[in-house]
A.B. asks: 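Before I ask anything, here is the structure I am working with.
The basis for the numbers below is simple: all heavy atoms, side chains too, and nothing from hydrogens, waters or symmetry mates. One-based numbering along the sequence shown.
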Amino acid sequence: APLPKRSAPKGMLPSTWQGRSSRIGYMAVDSKAVETSGTHLDWCGCGPVFNFGGSRHTICWERVVVLELVDDPRRKEGK
């Protein structure tokens with residue numbers, strides 16, 4: 001029997017990242033490297049959505065260079 005289809009699209013980031021602090025490195029419009037941190041809110045087709053300083057921002061996937069969790073509890077446990 002075929003597997004049931006998912007009702008929602010699968011994002012490029014794990015759902016466990018939502019609501020957690022992330023460090024983001026990306027290329028700005030002026031081609032300068034930018035590094036900041038924010039809370040991962042959601043994902044959309046063009047890129048991840050973050051909260052930076054109280055406002056929502058989307059960074060295009062073509063601009064993202066580094067995207068990593070700041071507070072990964074698995075690292076603290078030694079896994």
A.B. asks: Rounded to the nearest 0.5 Å, what's the gap from CH2 on Trp43 to CG on Leu41? Could you check?
C.D. replies: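 It comes to 15.0 Å.
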
A.B. asks: Output every pair passing salt bridge (charged side-chain N to carboxylate O under 4.0 Å, His left out) with a member in residues 28-40, not counting sequence neighbours, ordered by first then second residue.
C.D. replies: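 Qualifying pairs, neighbours excluded: Arg23-Glu35.
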
A.B. asks: Roughly how far apart are Ser22 OG and Asn51 CG, rounded to 0.5 Å?
C.D. replies: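 The distance works out to 11.5 Å.
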
A.B. asks: Between Gly47 and Trp61, what is the shortest heavy-atom contact and its length?
C.D. replies: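 Of all heavy-atom pairs spanning Gly47 and Trp61, the closest is CA-NE1, 3.2 Å.
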
A.B. asks: Only counting residues at least two apart or in another chain, list the ones meeting side chain to side chain donor-acceptor pair (under 3.5 Å) with Ser55.
C.D. replies: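 Ser55 satisfies side chain to side chain donor-acceptor pair (under 3.5 Å) with His57 only.
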
A.B. asks: What pairs with Thr58 under side chain to side chain contact (heavy atoms under 4.5 Å, CB included), at least two apart in sequence or on another chain?
C.D. replies: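 Per chain and number, Thr58 pairs via side chain to side chain contact (heavy atoms under 4.5 Å, CB included) with Cys44, Cys46, Val49.
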
A.B. asks: Which salt bridge (charged side-chain N to carboxylate O under 4.0 Å, His left out) pairs, counting each pair once, include a residue from residues 40-64, with sequence neighbours left out?
C.D. replies: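 Found none.
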
A.B. asks: Taking ring pair (Phe, Tyr, Trp, His ring centres under 6.0 Å) as the test, write out the residues that go with Phe50, two or more places apart.
C.D. replies: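 For Phe50, the residues satisfying ring pair (Phe, Tyr, Trp, His ring centres under 6.0 Å) (neighbours in sequence not counted) are His40, Phe52.
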
